[in-house]
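Note that the structure is a prediction, hence the values are computed from the model and not measured. Chain letters run A, B, ... following the sequence lines, proteins first, then strands; residues in each count from 1.
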Amino acid sequence: MTRPPRRWIAHLDMDAFYASVELLRYPDLKGRPVVIGGGRRHQPELLADGTRRYARLADYTGRGVITTATYPARDLGVHSGMGLMKAALRAPQAVLLPTDFDQYRAYSRRFKAAVAEVAPLIEDRGIDEIYIELTELPGAQEPVGHDPYGGVRAIALDIKNNVRRATGLTCSIGVTPNKLLSKIASELDKPDGLTLLTHEDIPERIWPLPVRRINGIGPKAGAKLATLDIHTIGELAERERPWLVQQFGRSYGAWLHDASHGVDERALVTHSEPVTISRETTFDRDLHAKRDKAELSAIFTRLVEQLALDLQRKGYVGRTIGIKLRFEDFKTVTRDMTIEAPTAEAATIRLAAGLCLKRVDLARRIRLLGVRVSALRRAGPGSDPGARA
DNA sequence: TCTGGGGTCCTAGGACCC
DNA sequence: TCTGGGGTCCTAGGACCC
């Protein structure tokens with residue numbers, strides 16, 4: 001008689017990823033508060049004596065936000081998503097570095113390849129995190145000494161070591177029976193952590209946490225739960241399923257109930273195709289459709305051209321062309337239209353996006369403009385006139 | 001000194017067809 | 001002239017995530 005194997009899923013999250021990559025390049029910044037974000041206007045300057053001069057957060061002007069902050073910067077009360085101008089009030093002396101996505105993508109490929117050497121079944125969740133299937137790996141079900149889960153723990157350590165060897169970077173891993181719990185667990189011992197939990201650990205380790213730690217409970221749901229006097233995952237777990245369904249609807253209410261009890265049967269998604277490709281930009285200052293027509297038009301054209309190149313480079317064509325506008329009051333509207341034949345051509349996209357733009361009332365000033373192509377399919381060989389580039 | 005850029009998924013109404 | 005139900009596609013907005 002053989003028992004079914006215990007399911008083990010890992011969630012791996014790189015520690016302060018962008019900032020850590022920058023520290024590899026600028027080791028003299030180690031231990032200092034560093035913030036990544038903003039435009040290209042604050043590159044470090046190499047001085048005659050060989051040292052570097054870095055931009056200070058205090059010197060920043062503009063509308064950028066923090067993409068990542070080092071742990072010493074976080075200790076000063078700044079965090080990702082915070083406006084740089086606001087962050088400058090809290091940590092004026094923090095170093096500010098521009099984002100270098102090409103570099104982060106290169107390190108992303110390296111750490112994922114290092115994980116795949118140990119465990120090839122991976123779900124990509126973006127540039128700095130992944131889920132990893134551990135269930136069937138050799139030794140995953142074996143105890144080691146007095147540790148009943150020693151086998152799977154050793155695999156997780158192996159993954160961490162391989163990532164560090166390949167990149168010089170640390171990561172934090174959660175190992176549990178499902179994606180939901182692993183995602184929470186990977187944050188419990190950051191940085192450089194390894195947290196292994198089973199269902200038996202839920203009351204002690206999961207229930208005391210705030211509901212917002214659950215992936216899928218955002219600002220809105222969190223606020224609504226707070227008005228219902230539900231703050232921790234344990235308080236959520238105390239509520240009856242029908243009551244949650246009544247408060248949050250059939251789908252979301254039932255999911256909240258499952259999530260609070262650590263129930264999640266989702267399989268790893270090891271392959272996916274993009275649904276949408278888009279480009280958008282926030283202006284340095286709000287623009288008016290009439291008074292700033294020339295500037296707006298030039299930006300519009302540039303976005304469309306970048307988008308067409310993205311599509312062609314990635315090998316996709318799409319039938320639904322859309323735009324996005326954000327006004328000075330932060331209200332956002334979208335318009336889209338579906339055309340006859342899928343395209344990756346700038347001229348076609350520009351035409352359709354222009355028609356979409358005409359359907360919007362442009363009385364208010366605009367802070368953001370975006371262009372989007374969806375209903376994507378792979379560009380067949382020779383089928384797409386835009387694919388020549 | 002408010003709030004980037006790139007995504008996914010869900011909901012809901014209306015058109016249109018059978 | 002009225003009354004259905006179901007399915008699919010299109011469009012707009014919103015929540016959420018990295």
Take atom [atom1] in [X]; do more than 12 heavy atoms of anything else shown fall under 6.0 Å from it?
{"X": "A:Glu136", "atom1": "CD", "value": "no"}
{"X": "A:Glu273", "atom1": "CD", "value": "yes"}
{"X": "A:Arg335", "atom1": "CZ", "value": "yes"}
{"X": "A:Lys293", "atom1": "NZ", "value": "no"}

Need one value for [X]: base, sugar-phosphate or nothing, where a base atom within 4.0 Å counts as base even if backbone is also close, heavy atoms only.
{"X": "A:Leu84", "value": "nothing"}
{"X": "A:Met82", "value": "nothing"}
{"X": "A:Arg90", "value": "nothing"}
{"X": "A:Lys179", "value": "nothing"}
{"X": "A:Lys183", "value": "sugar-phosphate"}
{"X": "A:Ala221", "value": "sugar-phosphate"}

Is [X] close enough to [N] that one of its side-chain N or O atoms is under 4.0 Å from OP1 or OP2 there?
{"X": "A:Arg335", "N": "C:dG13", "answer": "yes"}
{"X": "A:Thr334", "N": "C:dG13", "answer": "yes"}
{"X": "A:Thr338", "N": "C:dT11", "answer": "yes"}
{"X": "A:Arg359", "N": "C:dA12", "answer": "yes"}
{"X": "A:Arg367", "N": "B:dT3", "answer": "yes"}
{"X": "A:Lys314", "N": "B:dG7", "answer": "yes"}
{"X": "A:Arg319", "N": "C:dC10", "answer": "yes"}

Return the value, rounded to whole Å, for the distance between atom [atom1] of [X] and atom [atom2] of [N].
{"X": "A:Asp100", "N": "B:dG4", "atom1": "CG", "atom2": "P", "result": "21 Å"}
{"X": "A:Ile217", "N": "C:dC17", "atom1": "CD1", "atom2": "P", "result": "9 Å"}
{"X": "A:Leu89", "N": "B:dT3", "atom1": "CG", "atom2": "P", "result": "12 Å"}
{"X": "A:Glu340", "N": "C:dC9", "atom1": "CD", "atom2": "P", "result": "14 Å"}
{"X": "A:Lys112", "N": "C:dC18", "atom1": "NZ", "atom2": "P", "result": "13 Å"}
{"X": "A:Asp124", "N": "C:dC17", "atom1": "CG", "atom2": "P", "result": "18 Å"}
{"X": "A:Asp310", "N": "B:dG6", "atom1": "CG", "atom2": "C1'", "result": "10 Å"}
{"X": "A:Leu368", "N": "B:dG4", "atom1": "CG", "atom2": "C1'", "result": "9 Å"}

task: Could you check if the base of C:dC2 is syn or anti? Syn means the glycosidic torsion is within 90 degrees of 0.
output: anti
- prompt: According to the Watson-Crick and G-U wobble definitions, with both distances under 3.5 Å, which nucleotide is paired to C:dG13?
  reply: B:dC10
query: Does any nucleotide pair with C:dC18 by Watson-Crick or G-U wobble geometry, both distances under 3.5 Å, and what is it?
result: B:dG5
message: Is the positively charged end of A:Arg74 above the ring of A:Tyr71, judged by distance under 6.0 angstrom from the centroid and angle within 45° of the axis?
response: yes
Lys NZ or Arg CZ of A:Arg378 over A:Tyr316 ring: under 6.0 Å, within 45°: yes
message: Just by distance, no angles: are the side chains of A:Thr301 and A:Arg350 close enough, under 3.5 Å, to form a donor-acceptor pair?
response: yes
Integer angstrom distance from the P of C:dC17 to that of B:dC2: 26 Å
statement: Between A:Ala88 and A:Ser80, the residue closer to the 5' end of DNA chain B by nearest nucleotide is A:Ala88
- line: Among the nucleotides B:dG4, C:dC16, C:dC17, whichever has the atom closest to the side chain of A:Lys220 is C:dC16
- request: Go through the structure and list residues passing salt bridge (Lys or Arg N to Asp or Glu O under 4.0 Å) with A:Asp13, not counting sequence neighbours.
  value: A:Lys190
message: Under 4.0 Å between a side-chain nitrogen and a carboxylate oxygen: does that hold for A:Lys179 and A:Glu123?
response: yes
- request: Using heavy atoms and a sub-4.0 Å distance, could you list which residues of residues 259-287 of chain A are near DNA chain B? By number, please.
  value: A:Pro274, A:Val275, A:Thr276, A:Ile277, A:Ser278, A:Arg279, A:Glu280, A:Thr281, A:Thr282
